[in-house]
Amino acid sequence: MSFEYIQSALAARHAEGLLRKRIVVEKASASRIKIADQQYINFASNDYLGLADSLEFNTLACTEAGSRSSALVTGYLDIHRQLEDKLCSVLGYDAALLFPSGFAANTSVLKALFTPQEKQLSAAVFQDKLNHASLLDGGLAGSAKFVRFNHNDLTHLRSRLEKTKADSKLIVTEGVFSMDGDKAPVSEISVLAQSHSAWLMVDDAHAFGVVGAQGLGTIESGIKPEILVITFGKAMGCQGAAVLASHDVINYMTQFNREFIYTTALSPIMASVALCQLNKLLVASEARHKLQVNIDYFKSLVAQTNLSPIPSDTAIQPLVYGSSENVLAAQHKLKEKGLWVGAIRPPTVPQNTARLRITITAQHSHEDIDKLVSALVEGA
């Protein structure tokens with residue numbers, strides 16, 4: 001019988017406590033969520049600054065629902081150009097391309113860079129072992145040699161670079177790692193890249209908007225990666241992504257990036273929303289300050305307990321429980337106390353590192369955080 005493996009694969013996932021299910025959210029904000037008519041304090045949102053629910057539609061520059069075609073046919077509208085120009089101006093790049101999601105941006109850029117057969121024997125991509133699935137998928141789909149280095153391990157990366165015979169070398173990392181919450185040592189990686197004539201690509205999904213005094217992420221460290229990916233679904237509180245690079249790289253992507261060429265362009269209304277949200281993000285210094293205060297407050301409370309989260313100075317504060325069964329039990333106890341926290345299990349994270357992925361936002365009150373830490377301690 002065809003496709004018998006589907007039922008067996010689902011049964012295996014269920015037995016291992018790894019079966020994923022969609023949950024209908026009735027209403028949500030950065031700090032509150034309503035599910036099945038029950039209100040919870042939300043500690044699972046990536047809306048770090050609380051910008052997702054603050055849109056005023058009368059401020060949008062464009063309200064057209066669809067772009068009607070791919071960007072290379074008739075889908076590239078003035079609002080797309082405005083958004084790209086603003087991102088380039090803010091981040092100091094020559095050119096940009098818009099994508100409907102960060103996953104599409106990451107995967108397609110790596111496939112386009114390394115798909116041509118003539119580059120197969122002369123290119124290598126070096127990826128942090130904890131990189132996002134979109135980065136790993138893109139690297140694996142290309143024809144370049146795929147090399148992984150231990151998480152944030154500069155010595156291991158250096159040894160990998162020293163052994164390669166590739167002419168074209170690309171180092172790929174996240175600015176802030178989505179499941180561990182720690183930052184990549186981008187300054188040191190950049191030095192290594194330059195010393196080995198390699199390029200650097202940074203996915204700044206969880207850094208843009210919240211890292212740095214102005215919230216500009218990796219760029220504020222004084223490093224300008226050859227390829228920078230910005231996603232709009234986290235601190236910007238909307239949807240979409242942009243790849244920023246030199247004119248030559250963006251022109252190359254326009255010729256060879258199949259997802260860009262053959263996909264209907266980002267909805268004009270979503271581009272307009274993104275431009276509006278970007279402008280708000282750039283002046284959201286008060287929200288960034290409140291976020292940092294809340295992160296520091298959470299960490300100070302946890303330091304007085306027997307809890308041991310993965311060390312992180314960002315909004316992502318993971319607490320490892322080991323097995324999937326343990327983390328699901330912990331999640332259930334929190335739910336009973338009116339707290340919604342994401343339980344992250346393999347294969348999203350390595351085996352035996354199932355965790356609660358706690359995210360702090362600017363909208364949380366100290367009372368919210370008090371309740372969370374108390375519940376975590378009681379359930380420990």
Side-chain angles (χ1 to χ4, degrees), residues 48-49 51 61 71 76 78-99 102 104-106 108-110 112-113 135 168-177 183-238 240-254 257 260 266 271-285 287-288 314:
Y48 304 124
L49 300 179
L51 297 182
Y76 185 55
D78 186 61
I79 188 62
H80 297 120
R81 181 192 57 79
Q82 290 181 48
L83 177 56
E84 290 173 354
D85 287 350
K86 182 71 173 185
L87 286 166
C88 288
S89 174
V90 167
L91 294 166
Y93 280 86
D94 295 337
L97 279 186
L98 301 179
F99 290 85
N106 283 337
S108 67
V109 163
L110 288 166
L113 276 180
L135 297 169
S168 299
K169 299 177 282 289
L170 180 70
I171 303 169
V172 184
T173 186
E174 296 183 55
V176 169
F177 287 87
K183 301 173 185 174
V186 288
S187 296
E188 292 86 345
I189 292 176
S190 179
V191 170
L192 270 180
Q194 292 175 27
S195 65
H196 289 83
S197 300
W199 280 12
L200 174 61
M201 175 178 173
V202 176
D203 173 6
D204 243 11
H206 294 275
F208 185 65
V210 292
V211 171
Q214 296 177 289
L216 300 183
T218 291
I219 292 297
E220 284 203 53
S221 67
I223 302 303
K224 185 179 176 182
E226 280 77 11
I227 302 173
L228 180 68
V229 179
I230 297 296
T231 62
F232 309 154
K234 279 71 178 180
M236 276 176 61
C238 52
V243 175
L244 296 103
S246 67
H247 283 301
D248 283 348
V249 170
I250 296 302
N251 191 27
Y252 181 92
M253 290 295 154
T254 305
N257 187 307
F260 177 77
L266 182 69
S272 189
V273 169
L275 182 58
C276 181
Q277 295 294 89
L278 175 60
N279 288 328
K280 287 192 292 187
L281 179 145
L282 295 174
V283 296
S285 55
R288 275 186 286 276
T314 70

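Owing to the predicted nature of the structure, the values given are computational and were not obtained by experimental measurement. Throughout, numbering of the chain's residues begins at 1 and tracks the sequence. For the numbers below, each heavy atom of this structure counts, side chains included, while hydrogens, waters and symmetry mates do not.
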### Query
Please walk me through it: do Met201 and Leu135 pass side-chain contact (heavy atoms from CB on, under 4.5 Å)?
CA-CA 10 Å; Met201 175 178 173; Leu135 297 169; 4.0 Å; yes
### Summary
Nearest heavy-atom contact between Leu200 and Glu226 is N-OE1, 2.8 Å
### Query
Where is the tightest heavy-atom contact between His196 and Lys169, given as atom of each residue plus distance?
O-CE, 2.7 Å
### Message
Other residues, nucleotides and ligands only: do more than 12 of their heavy atoms fall within 6.0 Å of NZ on Lys224?
### Response
yes
### Nearest heavy-atom neighbours spanning Ala95 and Ser246
CB-O, 4.3 Å
### Task
Might you point out which heavy atoms bring Pro225 and Ile219 nearest each other, and give the distance in Å?
CD-CD1, 4.2 Å
### Message
Just verifying a value: how many Å separate Leu51 CG and Gln277 CD, rounded to the nearest 0.5 Å?
### Response
5.5 Å
### Task
Compare every heavy atom of Asp78 with every heavy atom of Gln82, then report the nearest pair and how far apart it is.
NE2-OD2, 2.7 Å
### Task
List for me each residue that meets side-chain hydrogen bond (donor to acceptor under 3.5 Å, both in side chains) alongside Lys183, sequence neighbours excluded, and say none if there are none.
none
#### Entry: Residues which pass side-chain hydrogen bond (donor to acceptor under 3.5 Å, both in side chains) with Ser108, listed by chain and number, not counting sequence neighbours
Asn257
### Message
Donor-acceptor pair, distance only, cut-off 3.5 Å: does the side chain of His80 make one with the backbone of Leu266?
### Response
yes
### Task
Output the distance between atom CD1 (Ile227) and atom CG (Leu170), rounded to the nearest 0.5 Å.
5.5 Å
#### Entry: Inter-residue atom distance Met253.CE - Asp248.CG, 0.5 Å rounding
11.5 Å
#### Entry: Verdict with reasoning, Leu282 to Lys86, per side-chain contact (heavy atoms from CB on, under 4.5 Å)
CA-CA 11 Å; Leu282 295 174; Lys86 182 71 173 185; 3.8 Å; yes
### Task
Measure the CG-CD distance between Leu91 and Glu220 for me, rounded to the nearest 0.5 Å.
9.5 Å
### Atom pair CD/OG of Glu188 and Ser221 - distance to nearest 0.5 Å
9.5 Å
I'd like a table of donor-acceptor pairs (distance under 3.5 Å, sequence neighbours excluded) in which one partner is a side-chain atom from residues 203-213, with atom names and distances.
residue	atom	partner	partner atom	Å
Asp203	OD1	Ala205	N	3.1
Asp203	OD2	Asn106	ND2	3.1
Asp204	OD1	Thr218	OG1	2.8
Asp204	OD2	Thr218	N	2.8
Asp204	OD2	Thr218	OG1	3.3
His206	ND1	Tyr48	OH	2.7

### Message
Test your reading of the model: is there a side-chain donor-acceptor pair from Thr254 to the backbone of Ile250, 3.5 Å cut-off?
### Response
yes
### Minimum side-chain heavy-atom gap Phe232-Leu83 below 4.5 Å
yes
### Shortest non-hydrogen contact from Val273 toward Cys238
CG1-CB, 3.7 Å
### Query
For Trp199 and Val249, what are the C-alpha separation, side-chain angles and deciding distance, and is it a side-chain contact (heavy atoms from CB on, under 4.5 Å)?
CA-CA 12 Å; Trp199 280 12; Val249 170; 3.6 Å; yes
### Query
Atom CG of Leu97 and atom CG of Asn251: how far apart are they, to the nearest 0.5 Å?
9.5 Å
